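Before any comments, here is the structure.
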Amino acid sequence: MGKQYWLMKSEPNEYSIEMLRKDKVTCWDGVRNYQARNFMRDHMRVGDGVLFYHSNIEPVGIAGMAVIVKESYPDYTAWDSNDRHYDPKSIPANPTWYMVDVEFVKACREVITLRKLKGISALEKMMVVQKGVRLSVQPVAPAEWEIIVRLPEWSR
DNA sequence: GCCAACGTTGGC
DNA sequence: GCCAACGTTGGC
């Protein structure tokens, strides 16, 4: 399987592209949705491209780019009863939840807004522009990636 | 296995 | 802050 592409949502209040710039690498913990987990656990490979998406803030949209640098391993925050994402169903011998590590590549000069994405007809099949789709980890088609990375919002 | 009730997501 | 849409839970 060649390189694949993903879109990963984060609320910048919790974790933003600027925090990733400082940290350089972070574990993508806290995903508690089975479909999103399956993408991370079963399909993400080192080198895959990631669009870092800011949700629940103005402006909503793609804020930067990252790359997968570590393939899935158990999300240990599920085992910590003090953690917001604690899940007693997940046990170390049989983890329910997994995460990957992502590394900062670059931030957009300005956010590529959801509104803008919705206005690009070649992106009309993208999951993120579909009504009611709230999956926090989504596959991105190579053709969609190529369009997005050429948008002027990336240039310095 | 159905499905109502509930909790969460996330755009607006 | 609102609330539509979704995913999960749990009684039956």
Side-chain angles (χ1 to χ4, degrees), chain A residues 4-23 26-44 48-68 72-102 104-141 143-145 147-154:
Chain A
Q4 297 182 91
Y5 303 100
W6 308 95
L7 180 146
M8 299 174 86
K9 294 179 185 174
S10 182
E11 301 194 14
N13 300 330
E14 300 252 338
Y15 200 83
S16 69
I17 189 71
E18 290 308 319
M19 294 181 203
L20 182 60
R21 185 203 294 277
K22 287 201 192 79
D23 293 345
T26 193
C27 54
W28 204 268
D29 63 315
V31 170
R32 296 291 179 268
N33 169 282
Y34 287 100
Q35 207 180 343
R37 177 208 65 183
N38 291 348
F39 283 131
M40 289 200 297
R41 188 190 61 184
D42 304 334
H43 299 290
M44 282 186 177
D48 282 1
V50 175
L51 299 172
F52 193 116
Y53 182 92
H54 281 176
S55 65
N56 250 310
I57 197 156
E58 192 58 36
V60 163
I62 294 165
M65 186 187 293
V67 61
I68 304 298
S72 70
Y73 58 105
D75 181 346
Y76 46 74
T77 65
W79 305 331
D80 177 0
S81 60
N82 294 317
D83 193 280
R84 199 163 71 78
H85 301 291
Y86 174 60
D87 181 359
K89 289 195 309 297
S90 185
I91 58 171
N94 185 18
T96 305
W97 305 114
Y98 286 78
M99 58 189 175
V100 296
D101 285 358
V102 305
F104 179 83
V105 175
K106 57 181 171 178
C108 293
R109 180 173 45 78
E110 60 182 294
V111 170
I112 303 167
T113 63
L114 179 60
R115 166 184 273 272
K116 167 142 185 173
L117 295 173
K118 284 178 172 172
I120 299 174
S121 60
L123 300 179
E124 66 188 5
K125 298 261 172 55
M126 263 192 102
M127 290 186 82
V128 77
V129 305
Q130 308 300 316
K131 182 180 165 73
V133 172
R134 37 178 236 201
L135 199 58
S136 66
V137 176
Q138 309 177 355
V140 173
E144 294 163 350
W145 174 274
I147 290 167
I148 289 166
V149 299
R150 284 171 171 72
L151 292 173
E153 284 85 345
W154 294 102

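Everything numeric in this text was worked out from a predicted model, so none of it was measured.
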Residue closer to the 5' end of DNA chain C, A/Val133 versus A/Lys89 (nearest nucleotide):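 Checking each residue's closest nucleotide, the 5'-ward one belongs to A/Val133.
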Per [X] side chain, nearest of listed nucleotides [options]:
| X | options | result |
| --- | --- | --- |
| A/Arg134 | C/dT8, B/dG7, B/dG11 | B/dG7 |
| A/Leu114 | B/dG10, C/dG7, B/dG11 | B/dG11 |
| A/Lys131 | B/dG11, B/dT8, C/dA4 | C/dA4 |

Spacing between [X] atom [atom1] and [N] atom [atom2], to the nearest angstrom:
| X | N | atom1 | atom2 | result |
| --- | --- | --- | --- | --- |
| A/Asn33 | B/dG7 | CG | P | 18 Å |
| A/His85 | B/dG7 | NE2 | P | 18 Å |
| A/Ile57 | C/dG1 | CD1 | C1' | 15 Å |
| A/Gln138 | C/dG7 | CD | P | 12 Å |
| A/Leu117 | B/dG10 | CG | P | 15 Å |
| A/Tyr34 | C/dT8 | OH | C1' | 9 Å |
| A/Gln130 | C/dA4 | CD | C1' | 16 Å |
| A/Gln35 | C/dA5 | CD | C1' | 15 Å |

Straight-line distance of A/Leu123 CG to A/Ile147 CD1, nearest 0.5 Å: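 Here the rounded value is 5.0 Å.
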Atom pair SG (A/Cys27) and OH (A/Tyr15), whose distance is rounded to the nearest 0.5 Å: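 One finds 8.5 Å between SG of A/Cys27 and OH of A/Tyr15.
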Heavy-atom check, side chain of A/Ile62 versus side chain of A/Glu153, under 4.5 Å: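 Heavy-atom side-chain distance check fails, nothing below 4.5 Å.
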Side-chain N,O (A/Tyr53) to OP1/OP2 (B/dT9) below 4.0 Å: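 For B/dT9, neither OP1 nor OP2 has a side-chain N or O of A/Tyr53 closer than 4.0 Å.
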Greater than 12 external heavy atoms within 6.0 Å of A/Lys106's NZ: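 Check passes, neighbour count above 12.
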